[in-house]
Structure formats: structure tokens, C-alpha cells
Amino acid sequence: MQPTVKPKNPNFSSGPCAKRPGYNVADLQLDTLGRSHRSALGKKALGLCCSETARILGLPEGYRVAVVAGSDTGAVEMALWSLLGPRGVDVLAWESFGSGWVTDIVKQLKLPNVTKLEAGYGDITDFSKVNFDHDVVFTWNGTTSGVKVPNGDWIPANRAGLTICDATSAVFAMELPWDKLDVITYSWQKVLGGEGAHGMLILSPRAVQRLESYTPPWPMPKLFRMTSGGKLTEGLFKGETINTPSMLCVSDYLDALAWVERIGGVQATMARSEANLKVISDFVAANDWISFLAKDPATRSNTSVCLTLKLGDDQVKQVVKLLDTEGVACDIGAYKDAPAGIRIWCGATVEATDLQALMPWLSWAYHKVSA
């Protein structure tokens with residue numbers, strides 16, 4: 001029978017993601033609107049984006065944080081264009097965005113000594129084959145496959161190369177071994193439910209040393225430049241952005257960080273995401289017509305949860321459309337390059353009670369379409 005209880009918030013998109021519980025745009029501090037981002041007021045707000053991020057995440061001493069253009073993609077490409085070249089590169093890919101970094105490195109930068117370690121949707125690469133004398137580029141969580149890195153044990157502390165990690169759908173939801181990561185990128189619109197267009201770039205001292213000792217042979221777009229005269233542009237990591245940011249989005253991000261602090265910090269946001277995953281895990285265990293795309297339970301994402309159904313591709317699309325029409329789940333279709341299925345965002349801003357309300361609707365839609 002058709003369920004009667006609907007999720008209070010049907011927004012399960014994997015980006016932009018649901019706003020935090022209790023969010024009200026009217027509560028944002030808006031004194032920066034209409035002001036220059038280079039004013040004392042503007043720089044203070046942007047500086048807080050950097051310093052509060054470092055404090056709340058518990059970054060190691062010496063790690064620097066910058067607000068950059070182009071969302072997570074902009075942050076990753078800043079790192080690739082600025083840092084790669086002096087060593088060989090191992091690039092790991094098991095979904096769309098990882099494959100995108102392969103394209104950047106092989107076809108755009110045209111680097112000569114590149115090893116591609118790739119796996120299909122649902123699987124993950126063999127970490128034992130990674131050469132850490134090379135620079136290593138990888139996603140922590142495959143947003144389009146629902147496959148995540150289970151831990152950082154495979155990364156040595158005494159590596160020679162840099163580790164460049166696209167962690168856009170992992171930061172604030174998964175335990176990250178900061179001391180083993182030299183570049184970390186993410187975007188506001190994922191786990192914290194912030195707004196799009198801005199990326200966060202985190203650099204270790206080892207990454208800074210590379211920036212100050214190596215000049216790439218290719219032209220560097222202004223938006224990617226992090227050094228001047230062979231020295232790091234320190235102001236970039238104190239809120240002096242390269243181009244003009246949205247101060248409204250800045251205020252929104254600071255609001256999200258304050259929410260993280262109020263509920264108990266990163267441990268609390270990780271716990272909320274794990275609790276959300278458990279709702280779906282319990283449902284999958286009880287129903288043989290739905291499965292995780294990620295084959296190994298240890299690699300199952302607790303943010304971008306990707307599922308397959310025992311239906312044809314067109315039938316899966318019917319399920320997605322039916323749930324959207326009923327107003328119980330918006331934007332849950334699988335990514336365009338991924339196998340047919342559904343993708344349910346389970347980041348910290350999603351309430352477990354909404355997922356619990358959604359599960360009977362999933363069952364109803366499946367049986368309605370399969371009949």
C-alpha cells in the first residue's frame with residue numbers, strides 16, 4: 001500500500017545538498033553584503049572561513065586553508081596545474097570525477113610518466129600497487145559510485161611524493177588522516193549543505209615546499225597562481241581571495257560551520273552521516289531487490305549512497321520520477337555516467353527520520369513499477 005508518512009525534507013540530492021536542520025536564510029549575518037571582499041569586514045569574514053575550517057577540522061600545525069574559485073573542481077585543478085611535473089604521477093580512478101583527473105593529467109597537462117590505476121563502478125583500485133615515489137592523485141569518496149577509501153593505512157608517512165586528495169564528499173563526514181594528505185579539496189555544497197561555486201584548498205607544509213621550489217613549464221592562469229617571486233602568496237590563506245567571492249555564500253558557510261560547532265564538532269557530523277547510512281543498510285539487508293553498488297562493505301560511502309535495483313534501466317527511471325512526483329525524494333537518480341540506479345545523499349545535514357520515512361516509499365515505488 002502507498003505509505004502515508006512523507007519525509008519532512010525530500011531533498012536527497014548529492015549536490016547541492018540539503019541545508020542544515022533549522023536553516024533559515026534570514027538568520028545569516030549579512031553585514032558584508034554590498035561591501036568589498038577586500039574591506040576589513042570582508043577580509044575578516046573570509047579569514048574566518050579559513051581559520052575556523054582549520055580549527056574545527058583539527059588540521060595539523062602548518063596546514064593552510066584557502067577559499068578558491070570553481071568549487072571543488074577549481075581547487076583540484078589549482079593543485080594539479082601548480083604542483084605536478086617534477087615527479088611521476090599515479091592517478092587512481094573508480095568513478096567519474098577520478099576519471100576526470102586522469103583526463104586532466106594525461107590529455108591536458110600531457111605529463112609523461114603517469115600510471116593509471118583504475119577500477120569499475122562498485123570496485124576500488126588496488127592500493128598495494130601505488131608508487132609513493134610518485135605524486136598520487138585520488139578521490140577519497142567516489143561521489144558518483146558510492147565507493148570510498150576505507151582508511152589511510154595504505155599511505156606511508158615517509159612518502160617521497162605528494163598525496164593530492166579530492167575529498168569533496170568526505171570532509172566533515174569521514175575520518176581523514178590529515179598528516180598523510182598533502183592537498184585536500186572540498187566544496188561547501190556537499191556535507192555542510194552550503195552554496196556552490198566556491199572551493200576549499202588545504203595544503204600541507206610539504207605541498208607549500210613544492211610550490212616554492214618548483215615552477216611549472218606551462219602557462220599558469222591567474223586563478224591558479226599561488227606564488228609570487230617564488231614565495232607562497234600567504235594572503236590567499238588568510239582570506240585574500242584571487243577573485244571576487246559571493247559574500248552571501250561566505251556568510252552561509254560560516255553559518256554551517258557554527259552549526260557543526262553547536263552539535264558537537266566533526267565527530268557529531270560524522271556520526272550523523274553514519275547513522276543515516278545505517279537506515280539504508282538495514283533496509284537493503286531486509287529487501288533482496290535492492291543492493292549497494294559498492295561491493296565491499298568497508299568501501300561503502302556514508303554520504304553518496306549508490307544503490308541498484310532489480311529493474312531495467314527505464315524502470316529505474318520510472319521509480320525516480322514516481323518518488324519525485326509524490327514529493328518524497330528529489331534528485332535521487334544515479335549520476336549520468338554511472339550504472340542505472342538511485343543515489344541518496346546521507347551527509348550530516350540529512351535527518352535520519354527523513355530517511356526512515358523514505359524507505360517504505362522506495363519499496364512502494366519498486367513494487368508499483370515492477371508490477
Visitor: Is the shortest side-chain heavy-atom distance between Tyr63 and Val208 below 4.5 Å?
Guide: no
Visitor: State, yes or no, whether a side-chain contact exists between Gln2 and Glu326 at a heavy-atom distance under 4.5 Å.
Guide: yes
Visitor: Report yes if the side chains of His37 and Leu46 come closer than 4.5 Å at any heavy-atom pair, otherwise no.
Guide: yes
Visitor: Do Arg87 and Asp133 sit within salt-bridge range, that is, some charged N less than 4.0 Å from a carboxylate O?
Guide: no
Visitor: Would you indicate whether Gln29, at its atom CD, is surrounded by more than 12 heavy atoms from other residues, nucleotides or ligands within a distance under 6.0 Å?
Guide: no
Visitor: Is the shortest side-chain heavy-atom distance between Ile242 and Val68 below 4.5 Å?
Guide: no
Visitor: Hey, which of Val183, Val65, Asp182 is the one that makes side chain to side chain contact (heavy atoms under 4.5 Å, CB included) with Leu203?
Guide: Val183
Visitor: Using a 3.5 Å distance criterion without hydrogens, assess whether the side chain of Thr233 forms a donor-acceptor pair with backbone atoms of Met226.
Guide: yes
Visitor: Quick check: are there more than 12 heavy atoms from other residues, nucleotides or ligands sitting under 6.0 Å from NZ of Lys180?
Guide: yes
Visitor: Atom NZ of residue position Lys6 - does it have more than 12 heavy atoms of other residues, nucleotides or ligands inside 6.0 Å?
Guide: yes
Visitor: If you compare all heavy atoms of Gly146 against all heavy atoms of Cys306, which two are closest, and at what distance to 0.1 Å?
Guide: N-SG, 3.4 Å
Visitor: Which heavy atom in Val149 sits nearest to a heavy atom in Thr139, and how many Å separate them?
Guide: CG2-O, 3.7 Å
Visitor: Of Arg159, Arg210, Arg206, which is the lone residue that meets salt bridge (Lys or Arg N to Asp or Glu O under 4.0 Å) with Asp135?
Guide: Arg210
Visitor: Using every non-hydrogen atom in the two residues, find where Cys249 and Glu195 come nearest and quote the distance to one decimal.
Guide: SG-CB, 3.5 Å
Visitor: Got Trp94 and Asp123 here, is their nearest side-chain heavy-atom distance under 4.5 Å?
Guide: no
Visitor: Looking only at heavy atoms, which two atoms of Gly74 and Phe224 are closest? And how far apart?
Guide: O-CE1, 4.4 Å
Visitor: From the options Asn24, Asn11, Thr349, Asp252, select the one residue that forms a side chain to side chain donor-acceptor pair (under 3.5 Å) with Lys19.
Guide: Asp252
Visitor: Where do Val191 and Trp345 land on the side chain to side chain contact (heavy atoms under 4.5 Å, CB included) test, with the steps shown first?
Guide: CA-CA 9 Å; Val191 179; Trp345 184 254; 4.1 Å; yes
Visitor: Given the side-chain rings of Tyr335 and Tyr121, with only the six-membered ring counted for Trp, is the space between their centroids under 6.0 Å?
Guide: no
Visitor: Any chance you could lay out the side chain to side chain contact (heavy atoms under 4.5 Å, CB included) test for Leu358 and Ile344, step after step, and finish with the verdict?
Guide: CA-CA 10 Å; Leu358 173 60; Ile344 303 173; 4.2 Å; yes
Visitor: Report the distance from atom CE of Met78 to atom CG of Leu236, rounding to the nearest 0.5 Å.
Guide: 5.5 Å
Visitor: Do side-chain atoms of Asn276 reach the backbone of Gly347 as a donor and acceptor pair under 3.5 angstrom?
Guide: yes
Visitor: From Ser281 OG over to Arg300 CZ, what is the distance, rounded to the nearest 0.5 angstrom?
Guide: 6.5 Å
Visitor: OG/Ser128 to CH2/Trp154 distance, rounded to the nearest 0.5 angstrom?
Guide: 11.0 Å
Visitor: Report the C-alpha distance between Thr215 and Met220 in whole Å, list the side-chain angles of each, state the deciding distance to 0.1 Å, and finish with yes or no for side chain to side chain contact (heavy atoms under 4.5 Å, CB included).
Guide: CA-CA 10 Å; Thr215 301; Met220 188 68 67; over 6 Å; no
Visitor: Less than 4.5 Å apart, side chain to side chain, heavy atoms only: is that true for Trp101 and Glu77?
Guide: yes
Visitor: Could you tell me whether the side chain of Tyr214 reaches within less than 4.5 Å of the side chain of Leu83, counting heavy atoms only?
Guide: no
Visitor: Aromatic rings Trp289 and Tyr366: how do their planes relate, parallel, tilted or perpendicular, breaks at 30° and 60°?
Guide: parallel
Visitor: Charged N to carboxylate O below 4.0 Å: is that the case for Asp90 and Lys129?
Guide: no
Visitor: Tell me whether the count of non-hydrogen atoms from other residues, nucleotides or ligands lying under 6.0 Å of NZ in Lys44 goes above 12.
Guide: no
Visitor: Determine, stepwise, if the pair Leu80 / Gln108 fulfils side chain to side chain contact (heavy atoms under 4.5 Å, CB included).
Guide: CA-CA 11 Å; Leu80 301 185; Gln108 304 300 325; over 6 Å; no
Visitor: Taking salt bridge (charged side-chain N to carboxylate O under 4.0 Å, His left out) as the test, write out the residues that go with Lys278, two or more places apart.
Guide: Asp282
Visitor: Just so I know, are the side chains of Leu57 and Trp178 near enough to count as touching, which here means a heavy-atom distance under 4.5 Å?
Guide: yes
Visitor: Taking the inter-plane angle between the rings of Trp188 and Tyr253 on a 0 to 90° scale, is it parallel (under 30°), tilted (30 to 60°) or perpendicular (over 60°)?
Guide: parallel
Visitor: Would you compute the distance between atom OG1 of Thr303 and atom CZ of Phe172 and round it to the nearest 0.5 angstrom?
Guide: 14.0 Å
Visitor: Parallel, tilted or perpendicular, judged at 30° and 60°: which one describes the rings of Trp140 and Phe138?
Guide: tilted
Visitor: NZ/Lys8 to CD/Glu351 distance, rounded to the nearest 0.5 angstrom?
Guide: 8.5 Å
Visitor: Working to the nearest 0.5 Å, report the span between OG of Ser187 and CD of Gln189.
Guide: 3.5 Å
